[in-house]
Peer 1: 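Pasting in a structure now, in structure tokens, and then I'll have a few things to ask.
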Amino acid sequence: MKSIAIFCGSNFGNHDAYLEVTKKLARELVSRKIKIVYGGGAVGLMGALADEALSLGGQVIGVIPEKLAGAEIAHKNLTDLHVVSTMHERKALMAELSDGFIALPGGIGTLEEIIEVLTWTQLGFHNKPCGLLNINGFYDKLTGFLADMSDNGFLSEYHLKLLNVSESVSGLVDVLQNQQIIYQPKWVK
Ligand code: AMP
């Protein structure tokens with residue numbers, strides 16, 4: 001696994017644990033020589049992730065829509081920054097540049113990004129692993145809801161398990177590095 005896209009808040013959140021786990025993930029990926037692909041911003045957890053990795057000599061690739069870059073919130077010191085026109089182009093390019101995906105705590109942008117790439121894995125548009133870093137139970141309600149979706153017959157158990165959930169940074173990266181995803185059709189008779 002050469003690169004992982006990280007989705008995370010453009011704010012810091014209200015608990016120090018969110019910033020701590022963000023920096024820890026940056027250190028873990030740099031130590032494994034895994035390139036970080038992310039939204040290219042200089043703000044919140046996104047900026048902290050990039051700063052921590054760059055300070056340790058890691059490679060950080062940003063993909064940002066012109067509109068956000070223009071608001072002068074694009075990170076200025078990245079290994080590479082792709083400026084694209086739309087959010088759709090951003091997410092497609094981030095997915096193309098990455099071998100897997102991890103969501104740290106964040107808001108609706110983060111939620112949308114991880115769920116989108118998970119649906120692409122479910123549909124077989126790619127076979128890249130997805131993970132949630134569930135710090136302080138931040139994602140418990142989401143994982144509970146996904147389990148309800150499965151109980152109600154809208155999400156198979158197999159596809160539910162495609163979203164790896166862990167409190168451990170190194171544990172989650174290990175899982176993603178070792179996971180072989182075999183496509184299974186979503187529609188079961
Ligand atoms: P949220 O989880 O709602 O904070 O959203 C994170 C997402 O917000 C990012 O992936 C971007 O889509 C968007 N975003 C907000 N501010 C920025 C920024 N300064 N740079 C890049 N993306 C941003």
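First listed ligand is number 1; within each ligand, the first listed atom is number 1.
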Peer 1: Show which atoms of ligand 1 fall inside a sub-4.0 Å distance from at least one heavy-atom site of G109.
Peer 2: 1 (P), 2 (O), 3 (O), 5 (O)

Peer 1: Can you sort out which atoms of ligand 1 are near I64, meaning under 4.0 Å from one of its heavy atoms?
Peer 2: 20 (N), 21 (C)

Peer 1: Looking at Y183, is its backbone amide N or carbonyl O close enough to the side chain of Y158 to form a donor-acceptor pair, meaning the two atoms are under 3.5 Å apart?
Peer 2: no

Peer 1: I'd like the name of whichever of A5, G41, A42 reaches closest to atom 20 (N) of ligand 1 through any heavy atom.
Peer 2: G41

Peer 1: Any link between I73 and L45 through a network of hydrophobic side chains (Ile, Leu, Val, Met, Phe, Trp, Tyr) touching at under 4.5 Å?
Peer 2: yes

Peer 1: Ring centroids only, cut at 6.0 angstrom: are F138 and Y18 within range, meaning strictly under it?
Peer 2: yes

Peer 1: Starting from atom 14 (N) of ligand 1, find the nearest protein heavy-atom neighbour and note its residue, name and distance.
Peer 2: L68 CD1, 3.9 Å

Peer 1: Students often mix this up, so state it plainly: with edges at 30° and 60°, are the rings of F7 and F101 parallel, tilted or perpendicular?
Peer 2: parallel

Peer 1: When you look for heavy atoms under 4.0 Å from ligand 1, do you find them on the side chain of L111, its backbone, both, or neither?
Peer 2: neither

Peer 1: Can you check which of M94, E112, R90, K67 brings a heavy atom nearest to atom 9 (C) of ligand 1?
Peer 2: R90

Peer 1: If we set the cut-off at 4.0 Å for heavy atoms, which region of A74 has an atom near ligand 1: side chain, backbone, both, or neither?
Peer 2: neither

Peer 1: Using a 4.0 Å heavy-atom cut-off, say whether T110 meets ligand 1 through its side chain, its backbone, both or neither.
Peer 2: both

Peer 1: Strictly below 4.0 Å, N to O, side chains only: are K91 and E116 in salt-bridge contact?
Peer 2: yes

Peer 1: List every atom of ligand 1 that sits less than 4.0 Å from any heavy atom of G39, numbering the atoms from 1 in the order shown and giving each element.
Peer 2: 21 (C)

Peer 1: Give me the residue, atom name and distance of the protein heavy atom closest to atom 8 (O) of ligand 1.
Peer 2: S10 OG, 4.0 Å

Peer 1: Provide the number and element of each atom of ligand 1 under 4.0 Å from a heavy atom of V43.
Peer 2: 18 (C), 19 (N)

Peer 1: Only heavy atoms of E113, strictly under 4.0 Å: list the atoms of ligand 1 that pass.
Peer 2: 9 (C), 10 (O), 12 (O)

Peer 1: For ligand 1, which atoms have a heavy atom of M87 less than 4.0 angstrom away?
Peer 2: 12 (O)

Peer 1: Give the minimum heavy-atom separation between S156 and S150, together with the two atoms involved.
Peer 2: C-OG, 4.0 Å

Peer 1: Determine, using the 4.5 Å side-chain heavy-atom cutoff (strictly less than), whether Y38 and L81 are members of one ILVMFWY cluster.
Peer 2: yes

Peer 1: Looking at I4, L93, V37, V63, which one forms a side-chain contact (heavy atoms from CB on, under 4.5 Å) with S98?
Peer 2: V37

Peer 1: Quick check on H75 - does any of its heavy atoms sit under 4.0 Å from an atom of ligand 1?
Peer 2: no

Peer 1: At a 4.0 Å threshold, what atoms of ligand 1 neighbour a non-hydrogen atom of C8?
Peer 2: 6 (C)

Peer 1: Treat each ILVMFWY residue as a node, draw an edge where side-chain heavy atoms are under 4.5 Å apart, and state whether L111 and V43 are in one component.
Peer 2: yes

Peer 1: Does the pair E28/R32 count as a salt bridge with the N-to-O cut at 4.0 Å?
Peer 2: yes

Peer 1: For ligand 1, which atoms, with element, lie under 4.0 Å from some heavy atom of I73?
Peer 2: 18 (C), 19 (N)

